[in-house]
Peer 1: 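I'd like to ask some things about the structure below.
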Amino acid sequence: MIIENGNGLMPNNRMYVRSNTGGDTNSWKMIFGDEARKVNPLFDVNVSRNNLILESIQSNDWSKYNEFEAKQHPAWYEEVDEKQVPNKIYYGNLIESKLKALQEAKMSGDQSVVKSWENNLQEAIKDFKNAPGIVPYVIGLNSNADLAATYGVEEPDGSYFNSPYNSALVNSQGKFEDNMWYDNPIFKEDTELKTHVENLVEGTFPTSKDPKEPAKPTVNTTDTDTDTSSFDIQAAFLRKLTNIQQAIKPNIQDVMDKYKYA
């Protein structure tokens, strides 16, 4: 897909790589298709996600995007009225990032930025309250009774602390079990694509045909350097996601600009 914004054409099915050869380490190249898949076996996950974000902004309907993300990050979503919606774990993560940004804004002394982040935080807390799912432990929000009362939210109880949701993997990657890149849901739905990508990356990345190793490396779903040999897909995705989702319904021009320079 190629989307046109006010500044020209913005390809949505590309990634940039930096060459590790020659003297110019700032030389970047835009790559597509199989060339990109060889660098990042989960390139198609990125393309699908990016397309759905842009389609959702244009239609103001995030249902397809949420369905896709619920498969990628099942611990961050709940089904409500036969639709997937972000749950309290999702918004708890978002609130933690906003609290950090607010603290940095206060340290900068810029009161206009502080006010903006305070409003942004209150919006996320409102979403947190209305979201379905178990109440998580969120540092700075409900990590003690006084904070919970200040923000008008529930405290987590034993049902959270004794549940599968209380794990670093859920918090950082939105899933209950670690997996290999070729176990991604997109390949379960398209086995031909999985075979094609595995053939492209065999000998460079692990494939389902390789003997199983105790460790389970994953790959990055974001634009990456060619000299990087192993990647963490969901952690990197979370970093990029927090940059584009100041709210679940971002301004279309803001997203266009972010993807132009991503």
Side-chain angles (χ1 to χ4, degrees), residues 1-2 11-22 24-54 65 67-77 93 167-244 258-259 261-262:
M1 173 183 288
I2 297 181
N12 192 37
N13 59 344
R14 55 81 180 116
M15 62 181 289
Y16 286 97
V17 294
R18 185 173 60 197
S19 176
N20 60 356
T21 61
D24 187 2
T25 57
N26 293 318
S27 176
W28 292 82
K29 176 185 177 183
M30 184 185 294
I31 59 175
F32 301 84
D34 285 351
E35 189 177 3
R37 293 182 181 105
K38 289 179 181 179
V39 175
N40 183 353
L42 288 174
F43 171 72
D44 293 278
V45 177
N46 269 343
V47 172
S48 296
R49 178 181 290 117
N50 294 347
N51 286 343
L52 286 168
I53 288 173
L54 294 175
Y65 170 82
E67 287 176 11
F68 177 86
E69 287 298 283
K71 295 173 183 177
Q72 296 291 319
H73 310 282
W76 291 347
Y77 285 81
N93 272 327
S167 81
L169 192 63
V170 165
N171 189 55
S172 65
Q173 301 186 33
K175 57 186 182 180
F176 298 105
E177 296 180 352
D178 206 353
N179 58 4
M180 298 293 285
W181 71 265
Y182 48 76
D183 293 321
N184 190 280
I186 198 170
F187 296 123
K188 293 181 180 179
E189 296 178 359
D190 191 339
T191 56
E192 290 186 7
L193 177 62
K194 175 183 177 180
T195 300
H196 177 67
V197 176
E198 285 197 304
N199 288 337
L200 286 173
V201 304
E202 188 172 9
T204 302
F205 291 94
T207 70
S208 60
K209 296 175 286 186
D210 296 336
K212 297 297 182 287
E213 297 288 342
K216 294 184 176 181
T218 51
V219 297
N220 196 332
T221 58
T222 60
D223 296 347
T224 184
D225 296 354
T226 55
D227 58 353
T228 302
S229 59
S230 62
F231 311 88
D232 184 337
I233 161 183
Q234 306 299 359
F237 163 65
L238 181 58
R239 289 195 298 270
K240 186 169 185 176
L241 183 61
T242 56
N243 290 334
I244 66 171
K258 287 183 175 71
Y259 270 81
Y261 299 108

Peer 1: Where do F176 and P74 come nearest, in terms of heavy atoms and distance?
Peer 2: CE1-C, 4.4 Å
Peer 1: Looking at side-chain heavy atoms only, is the closest gap between E198 and W181 below 4.5 Å?
Peer 2: yes
Peer 1: When you look at L42 and R49, which way does the side-chain contact (heavy atoms from CB on, under 4.5 Å) test go after all the steps?
Peer 2: CA-CA 11 Å; L42 288 174; R49 178 181 290 117; over 6 Å; no
Peer 1: Please round to the nearest 0.5 Å and tell me the distance separating atom CD of Q173 and atom CG of N179.
Peer 2: 8.0 Å
Peer 1: Could you pull out the closest heavy-atom pair between Y65 and Y77, with the gap in Å?
Peer 2: CE2-OH, 4.2 Å
Peer 1: Any chance you could measure N51, atom CG, to F68, atom CZ, to the nearest 0.5 Å?
Peer 2: 9.5 Å
Peer 1: Please test K194 against I186 for side-chain contact (heavy atoms from CB on, under 4.5 Å), starting from the C-alpha separation and ending with a verdict.
Peer 2: CA-CA 8 Å; K194 175 183 177 180; I186 198 170; over 6 Å; no
Peer 1: Supply the atom-to-atom distance D178 CG to D183 CG, rounded to the nearest 0.5 angstrom.
Peer 2: 9.5 Å
Peer 1: Rounded to the nearest 0.5 Å, what separation is found between the CD atom of E35 and the CE atom of M30?
Peer 2: 12.0 Å
Peer 1: Got R37 and D44 here, is their nearest side-chain heavy-atom distance under 4.5 Å?
Peer 2: yes
Peer 1: Locate the shortest heavy-atom distance separating A75 from K175; write the atom from each residue and the value.
Peer 2: CB-N, 3.9 Å
Peer 1: Under a 4.5 Å cut-off applied to non-hydrogen side-chain atoms, are E189 and K71 in contact?
Peer 2: yes
Peer 1: Does the N93 side chain pair with the main chain of N171, one donor and one acceptor, at a distance under 3.5 Å?
Peer 2: yes
Peer 1: Identify the heavy atoms of V197 and P41 that sit nearest to each other, and give their distance.
Peer 2: CG1-O, 3.6 Å
Peer 1: Once rounded to the nearest 0.5 Å, what's the spacing between atom NZ of K38 and atom CZ of F205?
Peer 2: 12.0 Å
Peer 1: Evaluate the salt bridge (charged side-chain N to carboxylate O under 4.0 Å, His left out) criterion for residues E202 and K209: first the C-alpha distance (whole Å), next the side-chain angles of each, then the deciding distance (0.1 Å), finally the verdict.
Peer 2: CA-CA 9 Å; E202 188 172 9; K209 296 175 286 186; 3.3 Å; yes
Peer 1: I'd like to check W76 versus E69 (side-chain heavy atoms, cut-off strictly below 4.5 Å). Are they in contact?
Peer 2: no
Peer 1: Considering all heavy atoms of both residues, which atom of M180 and which atom of P206 are nearest to each other, and what is their separation?
Peer 2: CE-CB, 3.6 Å
Peer 1: With no hydrogens and no angle check, is any side-chain donor or acceptor of D210 less than 3.5 Å from a backbone partner on T207?
Peer 2: yes
Peer 1: NE2 of H196 to CG of D34: how many Å apart, nearest 0.5 Å?
Peer 2: 3.5 Å
